[in-house]
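In this text the structure is predicted, and so the values were computed from the model without any measurement. Excluded from the calculations below are hydrogen atoms, water molecules and symmetry mates; all remaining heavy atoms, backbone and side chain alike, are included. Along the sequence shown, residues carry numbers from 1.
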Amino acid sequence: MTERFDVRAAAHAAMLTFGFEPEFPEAAVREVAGSRVATPADVPSALDQRKLPWSSIDNESTLDLDQLEVVEQLSNGDIRVRVAIADVAETVEQNSATDKHAAANASSVYTGVETFAMLPERLSTDLTSLKQGADRLAIVIEFVVAKDGELQAHNIYLAFARNQAKLAYGNVGAWLEGNGELPPVATELIQQQVRLQYEAAKRLREDRTRRGSLSFETIEAQPVFRADGSIDIELVRKTRASRLIEDFMVSANVVMAQFLDEHNSSSIRRIVRKPERWNRIVALAAEAGTKLPDEPDAPALAAFLSAQRVANPDGFAELSLSVVKLLGPGQYVLHEPSQPDIGHFGLAAQYYTHSTAPNRRYVDLVTQRLLKAVLLKQPAPYSPAELSAIAEHCTERENAARKVERMVRKQASAASLVHREGEEFDATVTGVTSNGTFVRVSRPPVEGRVISGEEGLDVGEHVRVRLEGTNVEKGFIDFSAMASTRVP
């Protein structure tokens, strides 16, 4: 039994603490009440692709569906991929009350106990959702995947699409691994689609890995609230299905960035710079018997990670977390076609933007408006100075959203440990900053601060820790490191 606390109230308070607007303004509510779905008569230039076998794969409970996928086997062995993105820009007018609220928050915030959506539910889960059985206007990002995984010809256009099957990561992942069945909505045609989608995704991932894209085994911890009021922390692991969608979205974002460049449009890029703490990554690799170059080298790091996934599968998730922390966060920046691209180190991508989640991220909605101006031969909706300001604001809000999510997760984690003081755990150092040294325990999957014995610890080091205390309200979990049991 764990200490009870009002986690929903805590989540709301965290939103306010970090500068978010958790409630929609009345003006936005009125706007949305008068909104309607676009029809082919409204957008006669849009193609009609409603008869294609589109499907979506997302979390079981997700209603704000941003993407659909459909593939086609070509006679030469290549695979044509179409990714349909909900055309949110058609419904949310620039500078409207709804748009201003979305811009202020810049993204949906997922606390595990409550989702604070960027757009009102009437939009995100209905009018602008690519939900099953509904005809919706979409931006279709089309590209061809060669046998070797290289992206070939691409195009972007407007089309109407209909989701034929809403599928979930869990059952699709199990089915792809031969351990489960798909729901009845997955007809034989949809099953054939998923198999071919998986083949296209494998090609894309293998090609990116050759180019130096980094492959991680990320583990998300989320609170689970029991009927008796107790709280546990459980892990959410990636499946083959979630990787499939990730591979398609990465490629769609690359194509979008290239397309805007080709049409001389300013844009907002998603970048990850070369890691400043490369020397620590080199040290982690050396501990595993691998020598990395002295200067940041994505292909060499990718090869090391791929080898470690096979050689040490049980420890790969912790290694992944350490490397992710050392790489540093991504950020949004203004990009103009005449400028060289900074690129995305983690994806080994020269061109990269965010465009595939317009119901959930404001940058993606802005990118849609830029794209539609190109397609419709209209003036750019934003100046370079405005795009630069939006990029900076969205980066700051993304970091703030991460803090909200971490705060609520920390409070839930602290509540799950209140009666376990004095117990010892195996942990991995995840951060060494001016604010302290932090570790992640694998079982249960929680993070906390080392308040004693932290001297000399660094990211990626394994250490035995003892739980010294918790503060549920502040989300504090305090450990002491036991020097005699450190693993170098």
Evaluation steps, side-chain contact (heavy atoms from CB on, under 4.5 Å), between Leu16 and Glu21: CA-CA 7 Å; Leu16 294 174; Glu21 301 173 8; over 6 Å; no
Start with the C-alpha gap between Leu65 and Thr125, add the side-chain angles, then the distance that decides, and say whether side-chain contact (heavy atoms from CB on, under 4.5 Å) holds. CA-CA 7 Å; Leu65 298 173; Thr125 67; over 6 Å; no
Test Tyr169 against Leu244 for side-chain contact (heavy atoms from CB on, under 4.5 Å), laying out the working first.
CA-CA 10 Å; Tyr169 290 133; Leu244 184 164; over 6 Å; no
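Between Ser266 and Leu370 the shortest side-chain heavy-atom distance does not fall below 4.5 Å. For the pair Leu326 and Pro275, the minimum side-chain heavy-atom distance is 4.5 Å or more. By the 4.5 Å heavy-atom criterion applied to side chains, Leu371 and Met256 are counted as neighbours. Residues Val408 and Val113 have side chains in contact (heavy-atom distance under 4.5 Å, counting atoms from C-beta outward). Gln368 has its side chain within reach of Leu365: a pair of non-hydrogen atoms, C-beta onward, lies under 4.5 Å apart. Looking at Ile342 and Arg273, their side chains come closer than 4.5 Å, going by heavy atoms from C-beta outward. The shortest distance between side-chain heavy atoms of Arg82 and Phe143 does not fall below 4.5 Å. Within the 4.5 Å cutoff, no side-chain heavy atoms of Asn359 are placed close to those of Asp364.
Using a 4.0 Å cut-off between charged side-chain N and carboxylate O, Arg208 and Asp247 make a salt bridge. Using a cut-off of 4.0 Å between Lys/Arg side-chain N and Asp/Glu carboxylate O, Lys131 and Asp64 are scored as not salt-bridged. With salt bridges taken as basic N to acidic carboxylate O contacts below 4.0 Å, one links Asp58 and Arg360. In summary, Glu423 and Arg420 engage in a salt bridge, as defined by a charged side-chain N under 4.0 Å from a carboxylate O. Note on Arg270 versus Glu398: salt bridge recorded, some NZ/NE/NH1/NH2 to OD/OE distance being below 4.0 Å. Taking 4.0 Å as the cut-off between side-chain N and carboxylate O, Arg466 and Glu421 do not count as a salt-bridged pair.
Ring centroid separation for the pair Tyr352 and His344 comes in under the 6.0 Å cut-off. A centroid separation of less than 6.0 Å is found between the aromatic rings of His354 and Tyr332.
The backbone N or O of Leu260 sits nowhere less than 3.5 Å from a side-chain atom of Ser267 that would complete a donor-acceptor pair. Asn471 places a side-chain N or O within 3.5 Å of a backbone atom of Glu473 that can act as its donor or acceptor partner. A donor-acceptor pair is defined here as one N or O able to donate and one able to accept, closer than 3.5 Å; such a pair exists between the side chain of Asn163 and the backbone of Leu130. Using a distance-only test at 3.5 Å, with no hydrogens or angles considered, no donor-acceptor pair links the side chain of Trp54 to the main chain of Leu68. Between the side chain of Arg269 and the backbone N or O of Leu334, no donor-acceptor pair lies under 3.5 Å. In this structure a side-chain-to-backbone donor-acceptor pair under 3.5 Å is present from Asn399 to Thr395. Judged by distance alone, the side chain of Glu90 and the main-chain N or O of Asp87 form no donor-acceptor pair under 3.5 Å. The main-chain N or O of Val429 is never found under 3.5 Å from a side-chain atom of Glu461 such that the two would form a donor-acceptor pair. A donor-acceptor pair is defined here as one N or O able to donate and one able to accept, closer than 3.5 Å; no such pair exists between the side chain of Ser56 and the backbone of Gln67. Checking side-chain atoms of Thr115 against main-chain N and O of Ala117 turns up no donor-acceptor pair under 3.5 Å.
For the pair Ala348 and Ser213, the tightest heavy-atom approach, listed with the atom from each and the gap, is CB-N, 3.5 Å. Looking at every heavy atom in both residues, Ser355 comes nearest to Ala252 through OG-O, 4.4 Å. Residues Ser129 and Arg136 approach most closely at O-NE, 3.2 Å, considering heavy atoms. Taking both residues in full, the closest heavy atoms of Ala427 and Val441 are given as CB-CG2, 4.1 Å, listed atom of the first, atom of the second, then distance. The minimum heavy-atom distance linking Val140 with Ala159 is given by the pair CG2-CB, 3.7 Å. Annotation for Phe345 and Leu214: closest pair CE2-CD1, 4.3 Å, computed over non-hydrogen atoms.
Judged as a ring pair (Phe, Tyr, Trp, His ring centres under 6.0 Å), the pairs with a partner in residues 82-110 (not counting sequence neighbours) are, in order, Phe24-His101. Counting only residues at least two apart or in different chains, ring pair (Phe, Tyr, Trp, His ring centres under 6.0 Å) contacts with residues 243-274 comprise Phe259-His263.
Judged as a side chain to side chain donor-acceptor pair (under 3.5 Å), and not counting sequence neighbours, Glu405 has no contacts. Here Phe18 pairs with nothing under the ring pair (Phe, Tyr, Trp, His ring centres under 6.0 Å) rule; sequence neighbours left out. Looking at residues two or more places apart in sequence or on another chain, you find a salt bridge (Lys or Arg N to Asp or Glu O under 4.0 Å) between Asp42 and Arg36.
Taking a 6.0 Å sphere around CD of Glu336, one finds it holds more than 12 heavy atoms contributed by other residues, nucleotides or ligands. Within a 6.0 Å sphere centred on NZ of Lys403, other residues, nucleotides and ligands contribute 12 heavy atoms or fewer. Annotation: Glu424, atom CD; neighbour count of heavy atoms from other residues, nucleotides and ligands within 6.0 Å is above 12. With a 6.0 Å radius and a threshold of 12 heavy atoms from other residues, nucleotides or ligands, Glu121 has its CD atom at or below the threshold.
If you take CG on Asp126 and CG on Leu63, they are separated by 10.0 Å, rounding to the nearest 0.5 Å. Atom CD of Gln258 and atom OG1 of Thr353 lie 12.0 Å apart (nearest 0.5 Å). In this structure, CG on Leu284 lies 7.0 Å from CZ on Phe304, to the nearest 0.5 angstrom. For the atom pair CD1 of Ile57 and CD1 of Ile245, the computed distance is 4.0 Å after rounding to the nearest 0.5 Å. Residue Ile85 holds its CD1 atom at 5.5 Å from CE of Met249, rounded to the nearest 0.5 Å.
A donor atom on one side chain and an acceptor atom on the other are not found under 3.5 Å apart for Arg122 and Ser35. A donor-acceptor contact closer than 3.5 angstrom links the side chains of Tyr157 and Glu142. Judged purely by distance below 3.5 Å, without hydrogens or angles, the side chains of Asn253 and Tyr351 never pair a donor atom with an acceptor atom.
Relative to the six-membered ring of Phe479, Arg449 misses at least one condition, a distance below 6.0 Å or an angle of at most 45° to the axis. Geometric assessment of Arg397 against the ring of Phe20 yields a positive cation-pi assignment under the 6.0 Å and 45° thresholds.
Checked against Leu321 for a side-chain contact (heavy atoms from CB on, under 4.5 Å), the options Thr430, Val459, Thr428 give a single hit: Thr430.
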N/O donor-acceptor pairs under 3.5 Å from side chains in residues 377-386, not counting sequence neighbours:
residue	atom	partner	partner atom	Å
Tyr382	OH	Arg369	NH1	2.9
Ser383	OG	Glu386	N	3.1
Ser383	OG	Glu386	OE1	3.4
Glu386	OE1	Ser383	N	2.8

